[in-house]
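We number each residue from 1, following the sequence as shown. Counting convention: from 1, in listed order, for ligands and their atoms alike.
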Amino acid sequence: MADKIELIGLDKDEISALMAEIGEKPFRAKQLYQWLYVQGATSFEQMTNLSKDLRAKLADKFTITRPKIVAEQLSKDKTHKWLLEFADGQRIETVYIPEADRGSVCISTQVGCAVGCTFCHTGSQKITRNLTAGEIVSQFMVVRDVYQEWPSTTGDNRMVSNIVVMGMGEPLHNVDNVVKALQLLTDGDGIAISKRKVTLSTSGIVPHMPRIAKETGVKLAVSLHAPNNDKRSQIMPINKRYAIEEILQACQEYQKIVTSRFITFEYLMLDGINDSLDDARQLIDLMKKFKIGAKFNLIPFNPWPGCPYQPSSNNRVHAFSRELEKAGFAAPIRVARGQDILAACGQLKSKKLE
Ligand code: SAH
Ligand code: SF4
C-alpha cells in the first residue's frame, strides 16, 4: 500500500488536486481545507459535513499530523515553550510569548542553523535539516490547540494573535518552505493571521529578501548587531558573504514593495564589543545614508552555557538607546522573556535538558 499523504502544509491548489484525483468535487476540497485550517480539525471524524463514506476514504489515504510534544515548560512570566518532535525524530522548540491583550508564537524554520553567529546557542549546534512547510505551520497550530483558539474565524480578542519567525534557524536558508508556510498562515480563507502581525527575522541573506517582500508581504526584522563590517564579521561570519551595505540596499528594495512599514533592526548588546556611544553614532550615520524607515530593537544578550560574551550593563544599554532616540529613531530595549526556561532569543536548541 502506498504511504498516506500528509495534509498539513498543503495549500488550496494541492488539496483540490488530491480531491480531484479521488473523484471529489471542488467544493469538497474547500470544505476539507476549512476543516484543516479554519477549524483546526485533527481527525476526519470531526468533519461532520462530509459523509461517513468520504471520511473513511480520506482517512484511508491521508493523515493530519501535529508534531509530538516531547517536553513543555512554563516560565514565571507565562512564556510557554515546547520541545516538538517530527515524524523522523528531529526536534525543535516553539515558544509562546503572552502580552496583556495579545501574544506571539515564535516559530522555528530549521533544525539547527548553518549561519554560525558566535553569540547564538542555536548557531552553535550546526544544521541538521530544513523544516517542511507543514512542520513550520504546524508549530503555530499546536499553540492554537493548546490555547483552544480554533476556529480561525472567531473573535478579535485572541491571545494567539501574532507570529514571529525568530526561533531556530535562518528562514532565508529555507526560503521555499518558509514562503509557503507564511502564505498558509496568512491565507484569509484559512488560518488568516494578518500580514501585519507576522514578522520574519533574518541575518541578512540578501538574494532571498525580495521574495519575502513580493510573495508574503510580512514585516521584516534584520539582525544587524554591529555598526560596521569589521565588527559584524567578527560576531556574524555570514557578513563576509553579505556585507552591511548590500543588506541595507535590500532593505530599501523591501520597503519599496512592502510600503509604509518600518524595518526593525535588531541589535544585540554585547559588553565591550558593540555597545559604545561611538558604535551608536556610526549606526545613526549608516541609517541616515541609506534613508531607510528604521526602528531599532535593542536586545539584551541572553547568556547560555559556555557562551563567549557578557551582556552589556544596563547603563550602557540605556545610553545607547538614548543616543539613537536623540537622532529620531525608536530604540526600545527588549524585555527578555522566558529566560528562566531558556526560551529567550538565541537560547533555543533541539535537545531536552536532563
Ligand atoms: N536566524 C534569524 C532568526 C532567528 S534568531 C536571525 O538571526 O535573525 C532571532 C534573534 O535572536 C536574532 O536577532 C538573533 O540575533 C537573536 N539572538 C541570537 N542569539 C541571541 C542571544 N544569545 N541573546 C539574545 N538574542 C539572540
Ligand atoms: Fe542562525 Fe539566527 Fe542564530 Fe545566527 S542568530 S546562528 S542566523 S538562528
**Q** Against heavy atoms of Met166, which atoms of ligand 1 measure under 4.0 Å?
**A** 4 (C), 5 (S), 9 (C)
**Q** Can you tell me if Lys180 uses its side chain to pair, donor with acceptor, with the backbone of Gly9 under 3.5 Å?
**A** yes
**Q** Should you measure from each heavy atom of Gly167, which atoms of ligand 1 turn up under 4.0 Å away?
**A**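 Listed by number with element: 4 (C).
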**Q** Check for me whether the distance between the ring centres of Phe265 and His225 falls short of 6.0 Å.
**A**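 That pair fails the under 6.0 Å test.
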**Q** Got a sec: is Cys120 within less than 2.8 Å of atom 3 (Fe) of ligand 2 via an N/O/S atom?
**A**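 Of the N, O and S atoms in Cys120, at least one lies under 2.8 Å from atom 3 (Fe) of ligand 2, which means yes.
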**Q** So is Phe119 polar-close to ligand 1, meaning N/O to N/O under 3.5 Å?
**A**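 Yes, at least one N or O pair falls under 3.5 Å.
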**Q** Suppose I only count heavy atoms of Phe301 and a 4.0 Å limit; which atoms of ligand 1 are within that range?
**A** 21 (C), 22 (N), 23 (N)
**Q** Show me which atoms of ligand 1 lie under 4.0 Å from any heavy atom of Trp304.
**A** 22 (N)
**Q** Among Ser223, Cys113, Pro311, Cys106, which residue places a heavy atom closest to atom 12 (C) of ligand 1?
**A**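 Nearest heavy atom to atom 12 (C) of ligand 1 lies in Ser223.
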**Q** His225 heavy atoms, cut-off 4.0 Å: which ligand 1 atoms fall inside?
**A** 13 (O), 14 (C), 15 (O)
**Q** Apply ring pair (Phe, Tyr, Trp, His ring centres under 6.0 Å) to Tyr33 and list each qualifying residue two or more places apart in sequence or on a separate chain.
**A** Tyr37
**Q** Assess whether salt bridge (Lys or Arg N to Asp or Glu O under 4.0 Å) is satisfied between Glu99 and Arg102, documenting all intermediate values.
**A** CA-CA 5 Å; Glu99 276 160 54; Arg102 63 199 181 102; 2.9 Å; yes
**Q** What are the atoms of ligand 1, with element, lying closer than 4.0 Å to any heavy atom of Pro300?
**A** 24 (C)
**Q** Report yes if Gly169 has an N/O atom closer than 3.5 Å to an N/O atom of ligand 1; otherwise report no.
**A**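 Among all N and O atoms of Gly169, at least one is under 3.5 Å from an N or O of ligand 1.
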**Q** For the 3.5 Å polar cut-off, considering only N or O atoms, please tell me whether Asn302 and ligand 1 meet it.
**A** yes
**Q** Look at Cys113 and state whether any of its N, O or S atoms is less than 2.8 Å from atom 4 (Fe) of ligand 2.
**A**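 No N, O or S atom of Cys113 is closer than 2.8 Å to atom 4 (Fe) of ligand 2, so no.
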